[in-house]
Amino acid sequence: MDFKENEKKWQARWDEARIFETDPDKRKKFFTSLIIPYVNGNAHIGHSFTFTRSDVYARFKRMNGYNSLLTQGFHATGEPILGVVERLRQSDQSQIATLKLYGATDEDIENFKKDPKYVANYWMKKIVGSMKEMGYSIDWRRRFVTAIDPCFNSFIEWQYNKLKEKGYVVQGTHPVVWCSHDQSPTGDHDRLKGEGEGTIEYTIIKFSFEDEDGHKFIFPCATLRPETIYGVTNIWLKPETEYILAIVNNETWVISKDALDKLNDQLFEVSELGFVQSEEFFGKRAKNPSTEEEVPILPGNFVEMGTGTGVVMSVPGHAPFDWVGIKTLLKNKELSEKYKIDSNIVKPISVISLEGYGEFPAVEMVESMKADSKEKLEKITAELYKKEFHQGVLNNNCKTYAGQKVSEVKDHLIERFRNIGRATSIWETTGLVVCRCNNKCHVKILENQWFLNYSNDRWKNDVKRHLEIMRLYPEDIRGQFLNTIDWLKDKACARKSGLGTKLPWDKDWIVETLSDSTIYMAYYTISKTINDNNIIADKLNDEVFDFIFLSKGDLKQISKNCGLDESLLKEMKENFEYFYPMDFRNSGKDLVQHHLIFFIYHHVAIFPEKYWPRSIAVNGYVNVAGEKMSKSKGNIIPLSELIEKHGADLVRLNISTSAEGMDDADWRDENTNPLKSRLMYLNDLVDKIERMESNKTNVDNWLELQMHKIIKETTTAYEETKFRSAINASLFNAVNDMKWYMRRSITPNKTLVKEFLENIIKLIAPITPHYSEEVWNKLGHKTFVSIDKWPQYKDAIILKGDHLDKDELFVKKTLEDIEHVKKLAKRQKPSKIILFVAKSDKFADKKDKHHQIRLFEEAHLFLKKEYGCDIEVLDSDIITSHNEPLYQNKATTSKPEKLGVIVF
RNA sequence: GCGGAGGUAGCCAAGUCUGGUCAAAGGCGCUAGGCUUAGGACCUAGUUGGUUAGUCCAUUCGGCGGUUCAAAUCCGCCCUUCCGCACCA
C-alpha cells in the first residue's frame, strides 16, 4: 500500500461527501477543537501530538454515535507576529533561518516585512494545508483568526463588557520590570540579560539623622531582612561617592541616583535637592528607629549603588558582608581613628538564635570558610539567609519579638514598622535585567492598570466548584489545577502594544492575549453563519451576543436594531445551544497554569452553568530522538516534512502512541517500522481471506474471546485518552493473537478472521483513518469506516472465557518446554516427541485430566506441523515398570500443570 | 523558595492505586538459527549470573531502613531528574 497515495484518495472522498461538516441534528453532540496555533510559523512535530490526540478523540466519539464537531481556529493576538516582522525588517538572520526551515521563500520573507496580516494569513494557509494532509476531521467552514478577524474582535469586546459588568475587571497597581528608555514593561523575550528575573520587595528602614544646623535627614536603609533591625551596629555608605538629597514624600532622604529614578517610578513623590559626598556623613550618627540608639555612619566599599537605595544597614552578627566590612575598617588604622571607632563600638549584636551556631553565625561562617571574595560571600550569605529564615528564632535582643520564629514574625514586623511610618519599601529586580535597547531596567509600579480579578473569592470558588465535576485526563493533573487556582492572583489584562482587540471602554488599551483563548470555542458555534453570510463586525454588537449566548432580548427587536436577518440570529443561537458546552479540550501540560485555568474562569464568569466545559485533557511535550526540540539544535521538524516522509497515518500512529498521560512523547523515525509492519500484516491478511474456508476450528473460540477482550480494552483506553494503550491492545496484541491463531489453527476460519479484521480496522481507525478506509473498502464495504459503528464487545463471552485462555496458555507453555528440551537434548530435528499427561492421582479433578488429553489430541496436527515429526500423547497411568526408565521417570515427574516431554 | 510529575534490565517503556500468579508485558537494539539468498522485511529462539532433559539457586526495579509468611508494589528518611511560578505566549 502506498500510504501517501491512499491518503490523498480518501481525503478527497471525505471532502466530496462532506462527512466532517457538522450541523445540529437529532443525535447527541460531541464538541471539541484542536489547540489554536499561533500563525507566526508552520505547524511542526510538536503540534502534531496535541492536534492528533484531539482528532483521534473526536473520531472515536463520532464512531460511537455522536454528532462530533471538530473545529479549528488560528491565533494571531499579541506581540509575536509583530516581533517577526520587526526582526525581519532588521534583517535578523536567525529569524530568517527559522522561517526558511518552515518553508518560506525569499519572496515570502519580503512580503512578510510589509504586513503582519500577510504573515498571519500565509502561515494559516500552510498550517491548514498540513492539517488537511494529516486527515484531521475538521469542519473547516468554522475557521477564523483571532485579532485579524474583526468579527472575532467584536466577540472579545462582548466578553470584556460582560466581565466588567460582573466586576471581574478592576483597576489597580502592580510592579513590573520596566525599561525607562522604551517606556514599557520588559518581558523575558525583550531582554538582553536577565531572563527569568522577577521583582522583589525590599523593606526600607528609615534611620533619622540631624546635622549640626538642625536639618533633618532620613537614611533609608534597604534590606531584605528587616527582622535584623535590632542587630544594627552602623550604616554603610559607599565611600567617595555622590549621593543625592531628595524630598521624598515630605522627608529629606539621602539616596543613590538610581534610587531616585526607582522611587520616582514607584509612586513616591520625589524631587531632587542636590548632591552630597558620602564623606560628609562618615563618623556621624543616625538613629535606629527600633532601638532609638544612635549608630555611626561608615564607609563600605561593597555597597552597590544600583541596588536598593545605596544606603545599607549593617548587621555584622548575621550578615557576612557586614562583618567583613567591619573587619576591613578596623584594620585600617587611619580610617578607624578618623571616624573614632573601635571594636566595641561596632561589636556584633546577636538577634537570631540558630541551632548549630553560636551567637554570630555570620562571623562563624566567614571565619571558618575564610570567605574573602565577593562570590564566596554571596554564597554564604544566601545560605545563611535561608537557614535563619526557616530555622531561626529571634532572641532576647529583639524586645517584643523575642522567642518568635523568623519565618512567622517577619511580615508582622514589617507591617508594624510601616504603620508607624518608620518603614516603607522599594522594589527591585531579582537580578540584573538589561533591555534589548541596552538600558538597565528597574521596577515600576503601574497605576490604573486593568486587571482580571482572578483573586476574587466568589469567582475562584465557582471555578473550584466546577472543577470538581470536570473530567480531567489524566486525573493526576488535578492537583496542579487546584494549586494554581489557589495562588492565582489578579492578572494585568490590558497592554499598549501588539495585535488584538481594543478595550471597549478605554481604547488606549489592547486586551491581553490570553483572553482571546478563553471562550473562543463559543465562537466556533456561530462562525459558520458569520463566514457563510459575510456578516460584518459592526452588526455583531453586545445585544446580538447576549441574545445568542445568554438568551436575552427579543429576536424581532434585535434583528431590527442590528440589521441581521432573524433567521441568521436564530441559526447562530441554535448552533450555540446545540453544540455548547465544549466537551473535550486537549492541550499541552504547559498550558495548565494559564490557558486552561482561564478557560474555566471565563466560562464560569460569563455563561450559564450548563454551558461550562466538561473535560480537559493534557499531554506532555514532544522530544525528537530523545532530545528537546530547539531552534539551536535544528531538530524542529515541520509537519509537512514528516508527512512527506512517512505518510500521515504513520505520523499519527507513531506520535499518538509515543506517550500517554503526562509523559513526554518522543519522535523517532525508526519507531514507525514495527507499526508499519503490523499494518501491513493485517493488510496482507485481507488478501488471504478469500482462500480460506468457513470451517469452525478448535481455536476459534479462543480467538473470538481475544477479539472481545481487545475491543473492551481498546474502548476503555480510548475513553481515557490512553491511545498508546489502545494501540497496544488493538494493533500489537491483536496482531500477535492473529499470528498465533494462524499458526495454531490448521485451517483458519474465514468468517471469524474477517470479523476479527473488521473490528481491528475499526479500532485503529481513529488513529489511522486513511489506512482503515482502504482496508475497510477492500473488505467489501461501501461505507466510510470513519462514520461507521464502533465495535461492540460481549461481557458474557469474556466472563466465561477463562478456561480458553488457560488452555491456550498451556499449549504455548508446552511448546516452550519442548523447545527447551530440544535444546538440552541437542535434538534440532526430532524424529518423535512424546508428551506425558500426569497420573490421575495428581489431578484434583479427574475431568481435568481427560480435558488435557483431549486438548493435546486436538492439537496433534498443529504440533506435528510445528516439529515435523510424530507426536504421541501418553497417559502416565499406563506406564508401568516394564517400560524404559526414561518413560517411567517422565510418567512420575509429569504434573497437571506441566506435561512430561521426551524428544527423540 | 512554592507547587506538580518522575527515577524499572543496553535504550524506550508497562507494572505501583487493589502486596503473592514479577527474573518483571511490549517495542527497539543485540546474538544465534531459519527463510530467502546479497534489499530491508519476515519467522523461531535467546538477551542478570550460575545450574539442569524442560529443574533449581543467588542477586535485581534510585539509596538506606521498616512493616509482612511474602514488597518493584505499603510506610519513613535520603539522593536525584524534569516541569510551572504571570504581564510572556
Side-chain angles (χ1 to χ4, degrees), chain A residues 38 40 75 77-81 83 174-177 184-191 195-196 198-199 382 385-386 389-390 407 446 449-452 454 474-484 486-496 498 512-514 516-517 588-595 597-598 620-621 623 625-626 628 657-664 666 668 670-671 673-678 680-681 684 724-725 727-729 731-733 736 739 743 813-828 866 886 889-890 893 898-903:
Chain A
Y38 218 95
N40 61 345
H75 199 32
T77 314
E79 303 275 6
I81 289 178
H174 187 69
V176 294
V177 176
S184 78
T186 311
D188 262 356
H189 60 295
D190 295 322
R191 299 176 187 176
E195 201 173 325
T199 57
Y385 280 22
K386 203 191 281 182
F389 178 76
H390 288 104
S407 55
L446 286 180
Q449 167 76 288
W450 290 100
F451 286 89
L452 283 164
Y454 288 148
E475 191 51 42
D476 307 358
I477 197 77
R478 192 174 294 274
Q480 183 101 252
F481 271 88
L482 281 170
N483 235 286
T484 308
D486 269 337
W487 71 247
L488 203 63
K489 303 182 203 70
D490 290 357
K491 180 180 187 336
C493 65
R495 0 182 343 117
K496 292 286 185 183
E512 65 83 41
T513 332
L514 292 184
D516 274 15
S517 50
K589 64 184 173 188
D590 51 326
L591 299 191
V592 171
Q593 287 78 0
H594 23 76
H595 276 88
I597 298 232
F598 302 164
Y621 306 108
N623 296 328
K628 269 189 190 175
T657 62
S658 156
E660 63 189 24
M662 276 174 349
D663 293 340
D664 293 345
D666 189 15
R668 288 170 195 262
E670 64 270 25
N671 285 356
N673 291 335
L675 296 165
K676 188 174 177 179
S677 91
R678 265 118 191 127
M680 293 330 289
Y681 174 83
D684 295 346
R724 183 196 189 107
S725 303
I727 284 300
N728 212 13
L731 195 58
F732 284 88
N733 293 349
N736 285 347
K739 282 182 178 174
R743 185 175 160 195
K813 185 82 179 61
T814 305
L815 234 58
E816 281 176 25
D817 286 346
I818 296 172
E819 279 306 323
H820 212 148
V821 177
K822 259 174 70 185
K823 214 170 248 179
L824 287 167
K826 301 198 174 68
R827 302 271 196 305
Q828 283 197 339
E866 285 289 309
L886 186 55
N889 176 20
K890 290 297 166 189
T893 53
K898 201 171 189 71
L899 296 186
V901 178
I902 298 178
V903 178

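Hydrogens, waters and symmetry mates play no part in the numbers below; they use all other heavy atoms, side chains included.
For the pair T513(A) and N483(A), both in contact range of RNA chain B, the more 5′-proximal nearest nucleotide belongs to N483(A). Each of T814(A) and H75(A) was matched to the nucleotide of RNA chain B holding its nearest heavy atom; the match closer to the 5' end belongs to T814(A).
Comparing the C1' positions of A24(B) and U73(B) gives an interatomic distance of 12 Å, to the nearest angstrom. For the C1' atom pair drawn from G49(B) and U60(B), the interatomic distance equals 11 Å after rounding to whole Å. Across the P atoms, G26(B) and C64(B) are found 29 Å apart, a figure rounded to whole Å. For A9(B) and A72(B), the C1' atoms lie 12 Å apart once the distance is rounded to whole Å. Taking the C1' atom of each, U18(B) and A71(B) are spaced 14 Å apart, rounded to whole Å. The separation of A5(B) from U55(B), taken at their P atoms, amounts to 43 Å, rounded to a whole angstrom. A gap of 12 Å separates the C1' atoms of C22(B) and U8(B), to the nearest Å.
Looking at heavy-atom distances under 4.0 Å, L899(A) makes contact with a base. At a threshold of 4.0 angstrom between heavy atoms, the contacts of N889(A) with the nucleic acid are absent. Residue contacts shown for V903(A) include a base, since a base heavy atom lies under 4.0 Å away. Here G900(A) lies in heavy-atom contact (under 4.0 Å) with a base. Backbone-only engagement by T186(A) is indicated by non-hydrogen atom pairs under 4.0 Å involving sugar-phosphate atoms exclusively. At the heavy-atom level, V176(A) lies nowhere under 4.0 Å from the strands shown.
Each of A53(B), C87(B), A86(B) was ranked by its minimum atom distance to the side chain of H174(A); first place goes to C87(B).
Looking only at distances, a side-chain donor or acceptor of E660(A) sits under 3.5 Å from a matching main-chain atom of S725(A). Side chain of Q449(A) to backbone of A492(A): no donor-acceptor contact under 3.5 angstrom is found.
The CD1 atom of I477(A) sits 11.0 Å away from atom CG of L482(A), with the distance rounded to the nearest 0.5 Å. Separation of atoms CG (L452(A)) and NZ (K491(A)) is listed at 7.5 Å; rounding is to 0.5 Å.
In a base pair of the Watson-Crick type (N1 to N3 plus N6-O4 or O6-N4) or a G-U wobble (N1-O2 and O6-N3), with each distance short of 3.5 Å, A14(B) is matched with no nucleotide. The pairing partner recorded for C82(B) is G4(B), the criterion being a Watson-Crick or G-U wobble arrangement whose two distances lie under 3.5 angstrom. In this structure, G39(B) makes no Watson-Crick or G-U wobble pair, since no nucleotide meets both defining distances under 3.5 angstrom. In this structure, A72(B) forms no base pair with any nucleotide, since neither Watson-Crick nor G-U wobble geometry is met with both distances under 3.5 Å. In this structure, A45(B) forms a base pair with U31(B), meeting either the Watson-Crick or the G-U wobble geometry with both donor-acceptor distances under 3.5 Å. The nucleotide U60(B) finds no pairing partner, because no Watson-Crick or G-U wobble arrangement with both distances shorter than 3.5 Å includes it.
Rounded to whole angstrom, the span from the CG atom of L591(A) across to the C1' atom of C85(B) amounts to 15 Å. Look at CG on D817(A): it is 6 Å from P on U55(B), rounded to the nearest Å. Taking atom CH2 of W487(A) as the reference point, atom P of C85(B) lies 8 Å away to the nearest angstrom. Computed from coordinates, the Q449(A) CD to C87(B) C1' distance equals 8 Å when rounded to whole Å. If you take CG of D664(A) and C1' of C83(B), they are 9 Å apart, rounded to a whole angstrom. Summarising the geometry, the separation between CZ on F598(A) and P on A89(B) is reported as 12 Å, rounded to the nearest angstrom. A straight line from CG of D486(A) to P of C85(B) spans 18 Å, rounded to a whole angstrom.
Between Y38(A) and G78(A), the closest heavy-atom pair is OH-N, 3.7 Å. Counting all heavy atoms, side chain and backbone alike, R724(A) lies closest to T657(A) at CG-O, 3.3 Å.
Residue-to-nucleotide contacts include a donor-acceptor pair under 3.5 Å from the side chain of H594(A) to the base of A89(B).
In this structure, the side-chain hydrogen bond (donor to acceptor under 3.5 Å, both in side chains) partners of K589(A), at least two apart in sequence or on a different chain, are D664(A). H174(A) meets the ring pair (Phe, Tyr, Trp, His ring centres under 6.0 Å) test with F451(A); sequence neighbours excluded.
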Next on the checklist: Protein within reach of the bases, or only the backbone? For nucleotides 26-46 of chain B, mark each nucleotide 5' to 3' as B, S or -, using heavy atoms under 4.0 Å.
Outcome noted: SSS-------------SSSS-
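Around atom NZ of K676(A), no more than 12 heavy atoms belonging to other residues, nucleotides or ligands sit under 6.0 Å away.
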